[in-house]
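So that the names make sense, note that chain A is the first sequence line, chain B the second, and so on, each numbered from 1.
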Protein chains: 2
Amino acid sequence: MKHSLKIQKHICKPSLKLPEETLYDLADLFKVFGDSTRLRILCALFDSEQCVQHIADELGMTHSAISHQLRFLKQNKLVTNRRNGKTIFYALADEHVRRIFDQGLEHIQEEV
Amino acid sequence: MKHSLKIQKHICKPSLKLPEETLYDLADLFKVFGDSTRLRILCALFDSEQCVQHIADELGMTHSAISHQLRFLKQNKLVTNRRNGKTIFYALADEHVRRIFDQGLEHIQEEV
DNA sequence: CAAATATATGAACGTATGTTCATATATTAT
DNA sequence: ATAATATATGAACATACGTTCATATATTTG
């Protein structure tokens, strides 16, 4: 009886149990937000759709680098695109992007 | 006059301009969420604080791996900890963690 | 104090990531 | 068809990341 406290090592509470795959998908989603270049691209699209070269100019990077990242963003459904002649315009996919962005911003700006 | 359309290459709209440093901080924050192990740790803390070994057991990983990740999570202010004797309990730092997590979840579950 | 337990940490290792460079594709203009 | 423009993509490279292993620190127990 005297070491009953010692025995109960871990009081197991069942925690929020999401499927493995969901967690991987979720991690992949946040991974997309986890790079300042991609965040800057998203910022550039906040007001209106933009073409690749415009974004590249604005960020001072090559169109190749931007194109690679846009593909990544599109694969993860954070942006959509439409072709207009030679140029392709990219736009934010939906409001979640903005909301996730804003929640993150709130978090970092809250800390001292 | 005939190629005036050709000339206006990029109609520059000023986009949301955040300081470089803010973007890096924001990317760092999302980077933390961009790993399934860390997400699982956060899940494990959703209901209540937990000690390192408990989390390690639950995730089927070594305490070393978990400890490394918890340090990372703490550096980014997503968790706090308190010591109780030999064991150290970790807990979610604030509600932003949950909200960012939930927004992400909404996003991936919305898509078909 | 020594042993046991819980956690932390540095080094090392393989893998993933972001950019660049060269090249390919697509559209338009001549 | 050829040239010019806009974008996409594969390979290569350097860097960053996550885990493991060994070891260190901290607390409690005997």
B/Arg38 side chain to B/Gln69 backbone, donor-acceptor under 3.5 Å: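 No, B/Arg38 side chain to B/Gln69 backbone: no donor-acceptor pair under 3.5 Å.
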Single-linkage hydrophobic cluster, 4.5 Å side-chain cutoff, B/Phe89 and B/Leu59 together: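 Result: no, two separate clusters.
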Pairwise 5' ranking along DNA chain C for A/Asp35 and A/Gly85, keeping only the more 5' one: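 On the 5' side of the pair lies A/Asp35.
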Residues which pass side-chain hydrogen bond (donor to acceptor under 3.5 Å, both in side chains) with B/Gln103, listed by chain and number, not counting sequence neighbours: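 If we apply the side-chain hydrogen bond (donor to acceptor under 3.5 Å, both in side chains) test to B/Gln103, skipping adjacent residues, there are no hits.
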Sugar-phosphate, base or nothing in reach of B/Tyr90, heavy atoms under 4.0 Å: sugar-phosphate
Note, B/Gln53 side chain near B/Thr87 side chain (heavy atom, < 4.5 Å): no
Interface residues of residues 59-69 of chain A with DNA chain C (non-hydrogen, below 4.0 angstrom):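 Nucleic-acid contacts, sorted: A/Met61, A/Thr62, A/Ser64, A/Ala65, A/His68, A/Gln69.
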Ring pair (Phe, Tyr, Trp, His ring centres under 6.0 Å) between A/Phe33 and B/Phe33, worked out: CA-CA 9 Å; A/Phe33 286 89; B/Phe33 286 89; over 10 Å; no
Would you mind reading off the distance between [X] atom [atom1] and [N] atom [atom2], rounded to a whole angstrom?
X: B/Leu39; N: D/dG18; atom1: CG; atom2: P; answer: 11 Å
X: A/Arg71; N: C/dA24; atom1: CZ; atom2: C1'; answer: 13 Å
X: B/Ile88; N: C/dT5; atom1: CD1; atom2: P; answer: 17 Å

side-chain N/O A/Arg38 vs C/dG18 OP1/OP2, d < 4.0 Å: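 Yes, within the criterion.
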Distance below 4.0 Å between A/Lys86 side-chain N/O and D/dA4 OP1 or OP2: no
